[in-house]
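Report on one structure; see the data block that follows.
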Amino acid sequence: MNLQHIPQIKHTDSGNFFLLAGPCAIEGEEMALRIAEKLVGITDKLQIPYVFKGSFKKANRSRIDSFSGIGDEKALKILRKVSETFHIPTVTDIHTNEDADMAAQYVDVLQIPAFLVRQTDLVVAAANTGKTVNLKKGQFMSPESMKHAVQKVLDCNNENVMVTDRGTMFGYQDMIVDFRGIPTMQQYATTVLDVTHSLQQPNQTAGVTGGRPDMIETVAKAGIAVGVDGIFIETHFDPANAKSDGANMLHLDYFEGLMNKLVAIRKTVNAF
């Protein structure tokens, strides 16, 4: 995949990894613009190609009373405003075939959630929009099996596809990242490491997913060291009170420090 096919993406000739980052869910306009402004400042300073991430709805909640969104069109319009305000591309996840056409009117990249990546109709619906498609690797799938998901997009005459590792189930309530999978998946498509979701601890008895944000830096640095193309990180200025996935998000205050370290590692890796 050529990054330059993503509208408005910048710094593609910098030699850096690219970044998909933002809040787990769009909670409102002010919060989205606040997070985007901070991330745009950091990525411009460090010459990191950047795509703002935000879910317009959360359909895969553990409990029926969990936050699922502020309204589809309202959230999508906020994503469009982020793009227009800061001149950056945006990505959101979709859950149904109908979501594909709707979201494609507002964002630049359509993301297929890990639990749904084997749903052929959904993958095809996303691919047929002509948008770049980000395929999350199922927690239950091998890296090798992702070549079939990628092929579904290619068979729709859409070459703008990437895959994202977000960990593999390790028992009932934990996940691990097998870094051997990154070069394997790079044989099929541009490959991203979803750092924060890889540190989730799902299936908690409380019905609220846990996480290990203290390990974000460790996993991110390892991913850059093995040569991953892109990094995916969810962030928030108040993770403790975020309406979704607060337990594994990176606090926005720590974002620039981590990016400085990752850029330095990437520069070293590029020297070999």
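Start at 1 with the first residue, then count along the sequence.
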Any side-chain hydrogen bond (donor to acceptor under 3.5 Å, both in side chains) pairs touching residues 107-123, not counting sequence neighbours?
Q111-N134, T120-K152

For [X], which residues count as a side chain to side chain donor-acceptor pair (under 3.5 Å) partner, sequence neighbours excluded?
{"X": "D99", "value": "K57, T96"}
{"X": "N241", "value": "D238"}
{"X": "S83", "value": "Q8"}
{"X": "H5", "value": "N160"}

Go through the structure and list residues passing side chain to side chain contact (heavy atoms under 4.5 Å, CB included) with M215, not counting sequence neighbours.
L199, R212, T218

State which residues pass side chain to side chain contact (heavy atoms under 4.5 Å, CB included) with K147; sequence neighbours excluded, sorted by chain then number.
Y188

Spell out, as yes or no, whether a donor-acceptor pair under 3.5 Å connects the side chain of [X] to the backbone of [Y].
{"X": "T85", "Y": "V82", "answer": "no"}
{"X": "T129", "Y": "D101", "answer": "no"}
{"X": "T235", "Y": "L250", "answer": "yes"}
{"X": "D178", "Y": "T168", "answer": "no"}
{"X": "T12", "Y": "L3", "answer": "no"}
{"X": "Q139", "Y": "M175", "answer": "no"}
{"X": "D194", "Y": "T164", "answer": "no"}
{"X": "T191", "Y": "Q186", "answer": "yes"}
{"X": "Q47", "Y": "D44", "answer": "yes"}

Show your reasoning for whether side-chain contact (heavy atoms from CB on, under 4.5 Å) applies to T90 and Y106.
CA-CA 8 Å; T90 55; Y106 296 90; over 6 Å; no

Just to verify, what does [X] make a salt bridge (charged side-chain N to carboxylate O under 4.0 Å, His left out) with, not counting sequence neighbours?
{"X": "D165", "result": "none"}
{"X": "E73", "result": "K77"}
{"X": "K267", "result": "none"}

Taking ring-ring contact (aromatic ring centres under 6.0 Å, His included) as the cut-off, I'd like each qualifying pair that reaches into residues 223-242, sequence neighbours left out, listed once.
H197-F232

According to salt bridge (Lys or Arg N to Asp or Glu O under 4.0 Å), does anything in residues 81-92 pair up with another residue at least two apart or in another chain? List the pairs.
E29-K81

Could you grab the distance from atom CG of L19 to atom CD1 of I9, nearest 0.5 Å is fine?
9.5 Å

Look at the side-chain heavy atoms of Ile, Leu, Val, Met, Phe, Trp and Tyr, link any pair under 4.5 Å apart, and say whether I216 and M249 land in one connected group.
no

Answer yes or no: does atom NZ of K10 have more than 12 heavy-atom neighbours from other residues, nucleotides or ligands under 6.0 Å?
yes

Show the numbers, then the answer: is there a side-chain contact (heavy atoms from CB on, under 4.5 Å) between K137 and V163?
CA-CA 7 Å; K137 184 184 81 65; V163 295; over 6 Å; no

List the steps, then state whether side-chain contact (heavy atoms from CB on, under 4.5 Å) holds for M146 with V117.
CA-CA 9 Å; M146 285 302 293; V117 75; 4.0 Å; yes

Are any of the side-chain heavy atoms of V192 and F18 separated by less than 4.5 Å?
yes

Does the pair T132 and M1 meet the rule for a side-chain contact (heavy atoms from CB on, under 4.5 Å), with working shown?
CA-CA 9 Å; T132 297; M1 186 194 78; 3.5 Å; yes

Using the ring of each side chain (for Trp, its six-membered ring), is Y254 parallel, tilted or perpendicular to H251, with breaks at 30° and 60°?
tilted

